[in-house]
Number of protein chains: 2
Amino acid sequence: MRSSLAERQETVEAGAEAPATPSVRQQAVLDAVLALMVEDGDQLTMDAVARRASCSKETLYKWFGDRDGLLTATVRWQASRVHAGGAAVQALDGATLREHLQDFAVSWLTVITSRTSVALNRIAVAHAGSRKSNLGGIVLANGRFAIGERVKPVLEAGRDAGLLAFADSEAAFRTFFGLVGRDIQIRLLLGEALDLGEDEIRRDADRAVEQFLALYGRAKA
Amino acid sequence: MRSSLAERQETVEAGAEAPATPSVRQQAVLDAVLALMVEDGDQLTMDAVARRASCSKETLYKWFGDRDGLLTATVRWQASRVHAGGAAVQALDGATLREHLQDFAVSWLTVITSRTSVALNRIAVAHAGSRKSNLGGIVLANGRFAIGERVKPVLEAGRDAGLLAFADSEAAFRTFFGLVGRDIQIRLLLGEALDLGEDEIRRDADRAVEQFLALYGRAKA
DNA sequence: TATCGAGCGTACCGTACGGTACGGTACTGG
DNA sequence: CCAGTACCGTACCGTACGGTACGCTCGATA
């Protein structure tokens, strides 16, 4: 089935990057890549992708350049779905600060425990070993660093409101990050089953926030 | 150069595991594997290993069965070098508890930031994607879980001495783990440069221990 | 010295996979 | 109705790599 509306079909010129915003059809291809990654990590061949997405390999190469381009586009595509929320922070009281932090913790735990994230991170980690096309950098930028940039303003607002005390918001965030994630991500990446339910995630997030406030809270936050 | 002393040369029978304690020559081969892993992650071919170790591929297959066997033996070999220390814990006062925790934190940070550990974990993570021969499990058992088993008794001794308060030593350890490692391991695995010096590690360990004691310490530890 | 075997070097095989070429088809615009 | 084009399906190519086979050397033992 061709796309009936005349969509902007972008091809990748020699040396250029994959399209910033994939067409609907291209998104379907990228979803196929994600599906394959999740269900069998090392079955991720160009043939398999083409078969799964019902497209020709030639098209894959035309759209994404090469295998790395396809993987990069996939990582970007997945990243684009995760970014959400992030409303501006205003007048903070203790309860809303706690609530914000809890939200961050829950959504972060939900992301890193998802099968998609695990599969994606595995690919990126494996890729980081060999130089070329840093998937790792992209994953970091859209994962760890993206959430850092979203959390830090909240922390700073908390400090401005006299609820938190710290000198370096980056350091404070990293502590928060450690308290939330602990050993979860590495265990998942290394293949442990370990699936947290929604309630377990909420409890974990709760504990992490309490601990963080115990360390950085001023007066009663 | 052959090994001049008549060493027990073990071969791997069909379906059996690699030798538990590799001969000196075999250790040299495994070191070659480690060296290759560190200097170029995806150049880890059987040919490359044989060339690097000055041995024949046939010997590799005789000794280790197949590629997975070689990798498994390498992971085990590296693990066997890391295990050290772990003296029995007796009468704890606040200062020695703090010291013990600091030692653990420093040695853990030193391990996970080492190029060898990063390379090894990359391989194991990549392998965890495809089923078969869980390198991931071995790495977990000798890394995260091994240190857990060494830290928990210390924590419990601290509790017995009235220095710490917690209900679940596993949970307490995981918090400690998170405070120490934070985002370091994932950032390294994903390819960020980020090399900590010895002093930086010590500072990090310091901070982590202080934070842990702030959360779990009873009276002044 | 003759025999044996561990192990090195190299050549070889099969296959899987990245990447390319090509014919056929359906939709689009003139 | 015809040209153009986007794309599917499939066949194909080259190569890299896991795994095997074989000849040769060297040290050990009798």
Side-chain angles (χ1 to χ4, degrees), chain A residues 1-15 18-19 22-29 32-33 36-37 40-74 123 126-127 130 132-133, chain B residues 1-12 14-15 18-19 22-30 32-33 36-37 40-74 123 126-127 130 132-133:
Chain A
M1 111 179 136
R2 310 279 129 80
S3 59
S4 44
L5 53 142
E7 246 190 298
R8 196 163 79 100
Q9 76 292 349
E10 306 203 43
T11 69
V12 55
E13 292 94 49
S23 72
V24 172
R25 182 74 180 96
Q26 288 167 342
Q27 291 174 15
V29 170
V33 175
L36 278 176
M37 279 184 8
D40 188 358
D42 61 354
Q43 203 51 23
L44 198 66
T45 78
M46 298 301 276
D47 276 286
V49 171
R51 228 175 307 123
R52 176 62 154 258
S54 293
C55 73
S56 72
K57 284 211 285 177
E58 195 168 29
T59 302
L60 290 183
Y61 285 102
K62 182 149 81 161
W63 283 348
F64 303 105
D66 59 4
R67 187 171 189 271
D68 269 1
L70 178 59
L71 293 180
T72 304
T74 304
I123 305 274
H127 231 77
S130 47
K132 77 184 172 187
S133 102
Chain B
M1 117 179 128
R2 312 278 129 79
S3 59
S4 42
L5 54 142
E7 245 187 303
R8 198 162 79 98
Q9 77 289 349
E10 306 203 43
T11 68
V12 54
S23 70
V24 172
R25 182 74 180 97
Q26 288 168 343
Q27 289 174 17
V29 170
L30 299 180
V33 175
L36 278 176
M37 279 181 13
D40 189 358
D42 62 352
Q43 203 51 24
L44 197 67
T45 77
M46 298 301 275
D47 275 287
V49 171
R51 228 175 307 122
R52 176 60 154 261
S54 294
C55 72
S56 73
K57 282 211 288 176
E58 195 169 28
T59 302
L60 291 183
Y61 285 103
K62 184 148 79 161
W63 283 349
F64 304 104
D66 59 5
R67 187 170 188 272
D68 269 0
L70 178 60
L71 293 180
T72 304
T74 304
I123 305 275
H127 231 77
S130 46
K132 77 182 172 185
S133 104

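When reading the values below, keep in mind they use all heavy atoms of this one structure, side chains included, and skip hydrogens, waters and symmetry mates. A note on names: the letters A, B, ... follow the listed sequences, proteins ahead of strands, and every chain is numbered from 1.
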(request) Taking all heavy atoms of A:Y61 and all of A:R67, pick out the closest pair and write down the distance. (result) CE2-N, 4.4 Å
(message) Could you tell me if the side chain of A:Q43 sits less than 4.5 Å from the side chain of B:S130, heavy atoms only?
(response) no
(request) May I ask you to verify if any side-chain N or O of A:W63 is less than 4.0 angstrom from the OP1 or OP2 atom of D:dA6? (result) no
(request) Would you check, one step at a time, whether the test side-chain contact (heavy atoms from CB on, under 4.5 Å) holds for B:L30 with B:F64? (result) CA-CA 10 Å; B:L30 299 180; B:F64 304 104; 3.9 Å; yes
(request) Rounded to 10°, tell me the angle between the two end axes of the helix from C:dT1-D:dA30 to C:dG30-D:dC1, each built from five pairs. (result) 10°
(request) Looking only at non-hydrogen atoms, find the nearest pair between B:Q27 and B:P22 and report the distance. (result) NE2-O, 3.1 Å
(message) So A:I123 and A:L44, do their side chains get closer than 4.5 Å, heavy atoms only?
(response) yes
(message) Within the 4.0 Å limit for protein heavy atoms, which parts of nucleotides 9-20 of chain C are touched? Write it as a string from 5' to 3', B for base, S for sugar-phosphate only, - for none.
(response) B-------SBBB
(request) State, to 0.1 Å, how close B:V29 and B:C55 come at their nearest heavy-atom pair, and which atoms those are. (result) CG2-SG, 4.3 Å
(request) Give a yes-or-no answer on whether the side chains of B:H127 and B:D68 include a donor-acceptor pair shorter than 3.5 Å. (result) yes
(message) Counting C-beta onward and ignoring hydrogens, is there a side-chain heavy-atom pair between B:L70 and B:W63 closer than 4.5 Å?
(response) no
